[in-house]
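Ligands are counted one by one from 1 in listed order, and the atoms in each one are counted from 1 as well. For clarity, every value in this text was computed on a predicted model and none was experimentally measured.
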Amino acid sequence: MITLERTTTQASKRAPKCSYAGVRVYSAALLAFGAALIHLAVAPEHLREWAPFGVFFLTIGSIQIVLAVELLARPTRRLALSLILINVGLLALWYTSRTVGLPIGPTPGQPEAVGLTDIVCATMEVLGTVPLMALAIRPPRRRQRRIWLVGLGSAPTAIVSTAMTALAIAATLNGMPEAANAAPAIPGQPTTSITTLVEAPGNEPVKHFTLVAAPTDINGQQEWALNGSVPGPELRVNQGDRVQVTLVNHLPESTTLHWHGVVLPNAEDGVAGVTQDAVAPGAEYTYEFVAREAGTFWYHSHQQTEEQLPRGLFGALVVLPPTGQVAQQHDYTLLFHGSEGLVSVNGQFDNLHLDAQPGETVRLRLINTVAPGMDGGPETPELVGAPLQVASLDGRDINGPAELGPTRIPLGMGQRADLVFTMPQSGSVQLMDSEIIGEVSSVQKFFQNGTQPHYPTVTIGSGDLPATDNAASAPLFDALHYGVPTLDEVASATPDQTVPVVLGEHAGIRDGVPQLVHTINGAASPDIQPITVTEGQIVRMHIVNTTAEYHPMHMHGHVLSVIAIDGQPVEGSPIHLDSVLVAPHQTVDVAFAANNPGVWMFHCHVLLHAGMGMTTSINYVGYSTPFEMGTRSGNMPE
Ligand code: C2O
Ligand code: CU
């Protein structure tokens, strides 16, 4: 009573202050109202997850609305205190759930992931508590005059509160899906589960490997290694071998292994949420396939690929000819990995040296697993010091490869190239980053480290280093006119269907995060309409890149025959790829034979782009998968 008296007197003595009190009332009410709307918006999701949580959010949201309206009508101390209490309670609950986890719910004791929606909501609660405290300390007594002043004073809060509410609600409505199935079984329609698509028994020679995935300290860095090394061990097998790989998961997260470029039965493809459930911590899983094509391949995790691959879960897979030997005297694998600016070769940041004597023949298997930045650009290694042949691309031989002088070879993320050459009679040969050879401009000289090569130089043989004077002006490898033409049955066949693949991007909110959404045919994963094919078809894809970025488009389980790039047909050897680099604003036509049933990923191999939605699948009619992606299963292939 006494307090109220005093407030009355003070308020009437300082009439102009009323509008400040009014601003406080409106600000507090607006922020409470916004938080209420967010709580109501997240309620349905929580109802599905665990009903009591859903009911809690519905109740809290409703109470906040009622109190916010009450506050506008009658801003009393008791109301302000109630709203403060709610905010403090909610903030404490939020903090607990994000740090140690709540003791109740579907996953008691497990911290939940922090998301945009809950950060915005918590911020609004903190912001709202400030004017509420002011009101609790000094509640306004009289009705407001000068409504326009109060309106003007509250405008910033109104704008901020509306924007935050809209952002939080958009984030939750566009949250990561709880469950998405790339090819669900449709009731009433006959379907074959892809789990039946395993390698049939046979009597091929068996090569068995065990790969243990575990956090490992490598040069003082915590990495996720396979058998203690990054990259993981190189698996060498012979064409025709039955390959068995047991993955043992000692990581704190679930994982998988995908056999990049290998044509194998669908159930062995290693894609979390599409061809299997991710292998849980402590569990193991065995992959089995017959290595039907000789060539240079690689393997990597296909669960949370964007994080797990760069952390170290990848390695080379080399399939030798049935004899177990290539025609060259030396057969070296050079695996480029890391991210832009910090690239290593075979796990080394120092320049590498490989042995070879004058006159000896050498095969270099280049594998680009470097995660590029947003531009998605390729690496462009260049061999100097000896004429070379590009013997194969993506593990598939070029027909009649001609000898080339210094050439810059663009390799998109995931792509491979085998270079073959003969050591000169004297001196060494070098494989260098041609970006640096080509662009030692005055600008780069100005910024000292502009002359730092992108990745270590590889020196083959010994003696004098090769001259690099002309290397700067070396042409880019022109695959369209390389090698000797021969019949490519898939490229030349009349297609049974031609599928448009339009690569695009726009700003938006996906998986609850504002991002540059990357689209295929106008939609982002998992909302992209899958490409449907029928077994036995020849399918053409007309890929149009509407963006200013590079997209190495990777197709699982199939070989893509290149038909044309920007309308220019292939005039040399057929080009057979599993990852086709589509340059900015380029158009690429490819074809494949639909002869390997199942549900196959088709995505950009720039991990950033795939993670922002540029991933879909090729679904065979009559096949379905029981596996699902999303927060419910924890399978997140990107
Ligand atoms: Cu190398 Cu779907 O990936
Ligand atoms: Cu891309």
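Cys604 lies close to the Cu ion (ligand 2), since one of its N, O or S atoms is found at a distance under 2.8 Å. Atom 1 (Cu) of ligand 1 has an N, O or S atom of His260 under 2.8 Å away, backbone or side chain. At least one N, O or S atom of His609 sits under 2.8 Å from the Cu ion (ligand 2). At least one N/O/S atom of His300, whether from backbone or side chain, sits less than 2.8 Å from atom 1 (Cu) of ligand 1. Atom 1 (Cu) of ligand 1 has no N, O or S atom of His302 under 2.8 Å away, backbone or side chain. Among the atoms of His603, an N, O or S atom falls under 2.8 Å of atom 2 (Cu) of ligand 1.
Closest to the Cu ion (ligand 2) among the N, O or S atoms of His551 is ND1. Of all N, O or S atoms in His556, the one lying closest to atom 2 (Cu) of ligand 1 is NE2.
No donor-acceptor contact under 3.5 angstrom links the side chains of Gln537 and Tyr620, judged on distance only.
Under a 4.0 Å N-O distance rule, the pair Arg632/Glu628 qualifies as a salt bridge. Classification of Asp241 and Arg292 as a salt-bridged pair fails, no side-chain N sitting under 4.0 Å from a carboxylate O. Look at Arg540 and Asp589 and you find no salt bridge, because none of the NZ, NE, NH1 or NH2 atoms lies under 4.0 Å from a carboxylate O. Asp331 and Arg236 are joined by a salt bridge, as a carboxylate oxygen and a charged side-chain nitrogen come within less than 4.0 angstrom of each other.
Taking the six-membered ring for Trp and the full ring otherwise, His554 and His258 have centroids separated by under 6.0 Å.
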